[in-house]
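Here the structure is a predicted model, which is why all the values come from computation and not from measurement. For the numbers below, each heavy atom of this structure counts, side chains included, while hydrogens, waters and symmetry mates do not.
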Amino acid sequence: MIGLTHYLLLAALLFAIGLFNALAKRNVIAVLMGVELMLNAVNINLLAFNRFVGISGVDGYAFMLIVLVVAATEVAVGLALIIKHFRESGNSDVTHIDWLKW
């Protein structure tokens, strides 16, 4: 039987892969994919805790929908910034993005 521990291990594995991807890659699209993996790991945790520990039936689902909306807006804004930078400079390397610094 699949229990809470299995879901938490899967979420931890996804989060670790996403964190490695976000920190190790130099391509901006790969960094965004890593962030998305981390947010999906959070969603798995929210749904697992809602199913196995939750008292009310909708708390985990409501938080999951909020995380999905935040992830969608993060992707929209991130891709807009990436496209703007790529059109101006011609590359998508994270190390060359310094126009957001003060």
Side-chain angles (χ1 to χ4, degrees):
M1 181 171 151
I2 296 177
L4 178 63
T5 308
H6 294 93
Y7 287 108
L8 295 180
L9 288 174
L10 174 67
L13 179 68
L14 273 178
F15 194 85
I17 292 170
L19 184 65
F20 174 76
N21 201 17
L23 294 177
K25 301 293 181 178
R26 294 177 61 184
N27 188 354
V28 182
I29 302 293
V31 171
L32 280 177
M33 287 173 58
V35 171
E36 288 298 317
L37 274 176
M38 290 188 287
L39 289 173
N40 284 327
V42 170
N43 280 338
I44 290 173
N45 279 335
L46 288 171
L47 292 178
F49 280 121
N50 185 53
R51 168 117 163 54
F52 291 103
V53 183
I55 297 169
S56 128
V58 297
D59 292 341
Y61 295 116
F63 284 124
M64 185 209 60
L65 286 175
I66 291 170
V67 171
L68 282 177
V69 168
V70 168
T73 56
E74 175 256 334
V75 166
V77 171
L79 284 177
L81 289 172
I82 292 167
I83 290 171
K84 179 191 178 298
H85 177 70
F86 184 76
R87 285 184 181 168
E88 288 178 357
S89 68
N91 63 8
S92 64
D93 194 359
V94 177
T95 58
H96 292 106
I97 299 176
D98 60 352
W99 50 270
L100 291 175
K101 293 180 183 177
W102 284 82

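- Connection of V35 to V77 is not established within any shared hydrophobic cluster, with ILVMFWY side chains joined at heavy-atom distances below 4.5 Å, either directly or through further cluster members.
- Note: the hydrophobic cluster containing V67 also contains L19 (ILVMFWY, side chain heavy atoms under 4.5 Å, direct or indirect links).
- Looking only at side-chain heavy atoms (C-beta outward), M33 and I29 come within less than 4.5 Å of each other.
- Across E36 and A71, no two heavy atoms sit closer than the pair OE2-O, 3.4 Å.
- The two residues A41 and L14 have their closest heavy-atom pair at CB-CB, 4.0 Å.
- Not a single donor-acceptor pair under 3.5 Å links the side chain of H85 to the backbone N or O of I82.
- F15 and F63 end up in the same hydrophobic cluster when Ile, Leu, Val, Met, Phe, Trp and Tyr side chains are linked at under 4.5 Å.
- Using a 4.5 Å heavy-atom cutoff, the side chains of T5 and L9 are in contact.
- Hydrophobic clustering keeps L23 apart from L13 (ILVMFWY residues linked when any side-chain heavy atoms are closer than 4.5 Å, directly or through intermediates).
- Judged by distance alone, the side chain of N21 and the main-chain N or O of I17 form no donor-acceptor pair under 3.5 Å.
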- Item | Residues L32, E74; criterion side-chain contact (heavy atoms from CB on, under 4.5 Å); working and verdict | CA-CA 9 Å; L32 280 177; E74 175 256 334; 2.8 Å; yes
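- Linking ILVMFWY side-chain heavy atoms closer than 4.5 Å, directly or via other members, places F52 and F49 in a single hydrophobic cluster.
- Under a cut-off of 6.0 angstrom, the local environment of CZ in F20 is sparse, with at most 12 non-hydrogen atoms contributed by other residues, nucleotides or ligands.
- Here the shortest heavy-atom pairing between M38 and G18 reads CG-C, 3.8 Å.
- Of all non-hydrogen atoms in A22 and V31, the two that sit nearest each other are O-CG2, 3.7 Å.
- Atom CD1 of I2 sits in a sparse spot, with 12 or fewer heavy atoms from other residues, nucleotides or ligands closer than 6.0 Å.
- In the hydrophobic clustering, M64 connects to L47, Y61, L65, L68, either directly or through intervening members, whenever side-chain heavy atoms lie under 4.5 Å apart.
- When all heavy atoms of I44 and A11 are compared, the closest pair comes out as CG2-CB, 4.0 Å.
- In this structure, N43 and L46 have side chains that are in contact, with non-hydrogen atoms separated by less than 4.5 Å.
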